[in-house]
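Below, read A as the first sequence line, B as the second, and so on, with proteins coming before strands; counting in each chain starts at 1. Hydrogens, waters and symmetry mates play no part in the numbers below; they use all other heavy atoms, side chains included.
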Number of protein chains: 2
Amino acid sequence: MRERLFRTAPYTVDAVLVTAMGNELAILLVRNSSERERWSLPWRIPQTGETLEAAATTVAKDALGELPTWVEQIGAFGDGKRHPSETDVSVAYLGLVPHETAAPRAGYAWFQAADLRPLAPRQRAMVEGATKAIQSSLDQAPIAFRLLPPTFTLSELQQMYELLLDKRLHKASFRRALQAAWLVEPMDEWRSEGRGRPAQLFRYLPKKKRRAHRGVRFDFLYP
Amino acid sequence: MRERLFRTAPYTVDAVLVTAMGNELAILLVRNSSERERWSLPWRIPQTGETLEAAATTVAKDALGELPTWVEQIGAFGDGKRHPSETDVSVAYLGLVPHETAAPRAGYAWFQAADLRPLAPRQRAMVEGATKAIQSSLDQAPIAFRLLPPTFTLSELQQMYELLLDKRLHKASFRRALQAAWLVEPMDEWRSEGRGRPAQLFRYLPKKKRRAHRGVRFDFLYP
DNA sequence: CCGAATTAGTCACTTTCTGCGACTAAAGTC
DNA sequence: GACTTTAGTCGCAGAAAGTGACTAATTCGG
């Protein structure tokens, strides 16, 4: 391969940092330094030797001061769409952050998915990719737990699932499935949240591979 | 952002082309032009203006003379692992090809997944990513159909699923699930394959979004 | 102090889905 | 024509999921 010189930086790493705010998902944006009314996803050009994932966590740390509880690559985006940087391609990462620990630094702010600021086309595609990734790996990975504090009530957990699935769930069925999966462990603590009966606190209980050995489901989404 | 010059090409696009050969999946490799005993995944540095996916389909067309029936991005790979190119990052694409139409050009050959040639670390990671992608989107996307010719018998379809899932399926259950999903359409043709009763031919019947409205399943794989 | 309201947690019933064996059907083989 | 081989279906038993109604523990407003 002949060596050439390239004018643009090789690529950027962009982070779609997601938290649950109120009853919606929210995404972290950073205010553009030149045009003050423009916002964008936080991004960075990796240093030489820096891995992609390390670049993504650095972006997150610069924005929030904390590491996300879950980091996952969404993919590479390019295809001619505009980006704040001049690069052809950006690698997008999804980062999950529990809302309690997610105080944005100056210049950064959470925007609920419904009233997001206009983004450059490539970053818009990344946000869509991130929400799709959340939906599709929701029952493959402990997404919901990574958006909650380490201990939580089952009602909180159910609300989180309802938010992520955008669907109401039946309490008894939800708990039955939860029990069958051995996913949570009860603590010896209860929390009284104003009105009704106090709720027991639980924590996520990571488990050894218990592969669900089911038949085919054919839950196709695409044409 | 200050403009700089970069010594390496921005990135490569690599293709993991997969077909079903005999009772196993096979992956297409290309013989290295300098070291004749080395093989690698086919790859390419995109031209300016060429989209990532276009680069991937071009790689496939150069290798097989035909377009894959399914193309899907797996992700960006880098993280310091070695690659035939000198780039820091490669974007990997999965391409599915029915075995009937998949005659490799000179220099290319199919290798069953079991006896794959040794690959550069980054490409090895891509192959793993591809097999994971196949497994995980098997009931989200018509993967199996894209590895079969346009018309097929239900036994062939079942065998394809058994190959992909690496698990035996029960005939009646398989067909019941298939029927419930309205995924295939019977043709007015039968095919006699030597011995037993002739089998009816079917074709894939893409459907309008019939979202599976199920509850949560918690089929977690990870710890 | 008591009853209504509120939230947590469980139970039991019904419906649906799945695993599976056994059956019928249509070909080839000897 | 009996036997083998592959295709395709039926129907039951047990498991899983959907659902409403129930009990439990607390606050609030009198």
What integer distance in Å separates [X]:[atom1] from [N]:[atom2]?
X	N	atom1	atom2	value
A:L178	D:dA17	CG	P	13 Å
A:L169	C:dA8	CG	P	15 Å
B:R175	D:dG8	CZ	P	5 Å
B:F174	C:dT18	CZ	P	13 Å
B:Q200	D:dT9	CD	P	8 Å
B:K171	C:dA22	NZ	C1'	11 Å
A:E193	D:dC28	CD	P	12 Å
B:L201	D:dT6	CG	P	17 Å

Checklist line | Residue met sooner reading DNA chain C from 5', once A:R195 and A:S173 are mapped to nucleotides | finding: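 The 5'-side residue here is A:R195.
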
Note to self: Closest-nucleotide mapping onto DNA chain C: is A:E156 or B:H170 further toward the 5' terminus? I mean the 5' end.
What the structure shows: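 That would be A:E156.
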
Notebook entry, point to check: Is the base of D:dT19 touched by the side chain of A:R176 through a donor-acceptor pair closer than 3.5 angstrom?
Noted result: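 It does, because a donor-acceptor pair links the side chain of A:R176 to the base of D:dT19 below 3.5 Å.
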
Next item on the list: Report the nucleotide, chosen from C:dG9, D:dT26, D:dG8, that has the shortest atom-to-atom distance to any side-chain atom of A:S192.
Entry: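 Minimum distance to the A:S192 side chain belongs to D:dT26.
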
Next item on the list: State which of C:dC11, C:dA27, C:dG21 makes the closest approach to the side chain of A:A172.
Entry: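 Shortest atom-to-atom distance from the side chain points to C:dC11.
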
Checklist line | Position toward the 5' end of DNA chain D (nearest nucleotide), B:Q179 or B:G196 | finding: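 The 5'-side residue here is B:G196.
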
Notebook entry, point to check: With distance as the sole criterion, is a donor-acceptor pair present between the side chains of A:S90 and A:R122 under 3.5 Å?
Noted result: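 Per modelled atom types, A:S90 and A:R122 side chains form a pair under 3.5 Å.
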
Next item on the list: Ignoring hydrogens and angles, state whether a donor on the side chain of A:W110 or A:Q112 is under 3.5 Å from an acceptor on the partner side chain.
Entry: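 A:W110 vs A:Q112: no donor-acceptor pair found between side chains.
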
Check: For the atom pair CG (A:L201) and OG1 (A:T153), what is the distance rounded to the nearest 0.5 Å?
Finding: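 The distance works out to 7.0 Å.
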
Checklist line | Rounded distance (nearest 0.5 Å) linking atom CG of B:L178 with atom CG of B:L183 | finding: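 Separation between the atoms: 6.0 Å.
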
Next item on the list: Look at all strands and tell whether B:S155 reaches a base, only sugar-phosphate, or nothing, counting heavy atoms closer than 4.0 Å.
Entry: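 Contact class for B:S155: sugar-phosphate only.
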
Item checked: Touch class at under 4.0 angstrom, heavy-atom based, for B:A199 against every strand present ->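 Contact class for B:A199: sugar-phosphate only.
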
Next item on the list: Run the salt-bridge test on B:R191 and B:E156 with the 4.0 Å N-O cut-off and return the result as yes or no.
Entry: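 The answer is yes: the pair qualifies as a salt bridge.
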
